[in-house]
Amino acid sequence: LSEMRFVAQQYPAIPPRIVLQLGTLRSALALGRDRDLGSLEPGKLADLVAVPLSGGSPDPYELLFDSDAPPAAVWRKGVRVCG
């Protein structure tokens with residue numbers, strides 16, 4: 001998350017939605033792991049992070065990258081591991 005936030009701040013011309021895709025599904029695709037990771041779909045490993053969002057923008061992608069809030073919870077293979 002911190003790396004994606006850094007990219008979003010350093011390259012504001014890249015839409016936040018694309019930054020999130022680069023850090024999730026496209027990264028999994030580049031590593032050959034897109035069948036297991038990178039998106040929330042039936043049959044995938046359910047690795048995910050919940051992040052609290054608050055602010056003035058109606059765009060959740062902007063809220064995610066404009067915030068410095070840490071993850072509220074993390075799941076690995078569908079099991080909550082923190083938060």
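Residue numbers count from 1 along this sequence.
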Checklist entry - Do Val74 and Arg80 come close enough that some side-chain heavy atom pair is under 4.5 Å? => result no
Checklist entry - For Arg33, which residues count as a salt bridge (Lys or Arg N to Asp or Glu O under 4.0 Å) partner, sequence neighbours excluded? => result Asp36
Next on the checklist: If we check side chain to side chain contact (heavy atoms under 4.5 Å, CB included) with Phe6, which of these qualifies: Gln10, Met4, Glu3?
Outcome noted: Gln10
Checklist entry - What heavy-atom pair brings Arg76 and Val81 nearest, and what distance separates the two atoms? => result CB-CG1, 3.9 Å
Next on the checklist: Once rounded to the nearest 0.5 Å, what's the spacing between atom CG of Leu64 and atom CZ of Arg5?
Outcome noted: 5.5 Å
Next on the checklist: With a 4.5 Å cut-off on side-chain heavy atoms, are Leu53 and Pro60 touching?
Outcome noted: yes
Item to check | Qualifying side-chain hydrogen bond (donor to acceptor under 3.5 Å, both in side chains) pairs, either residue in residues 54-72, two or more places apart | outcome: Ser57-Glu62
Item to check | Reported CG-to-CG distance for the pair Leu37 and Leu48, which is rounded to 0.5 angstrom | outcome: 11.5 Å
Checklist entry - If Ile, Leu, Val, Met, Phe, Trp and Tyr residues are connected whenever their side-chain heavy atoms lie under 4.5 Å apart, and connections chain through other members, are Leu20 and Val49 in the same group? => result yes
Next on the checklist: Nearest 0.5 angstrom please: Leu25 CG to Leu40 CG, how far?
Outcome noted: 10.5 Å
Item to check | Atom pair CD1/CG of Ile14 and Leu22 - distance to nearest 0.5 Å | outcome: 6.5 Å
Item to check | Any Ile18 side-chain heavy atom under 4.5 Å of Gln21 side chain | outcome: yes
Item to check | Residue pair Arg35 / Lys44: nearest heavy atoms and the distance that separates them | outcome: O-CG, 3.6 Å
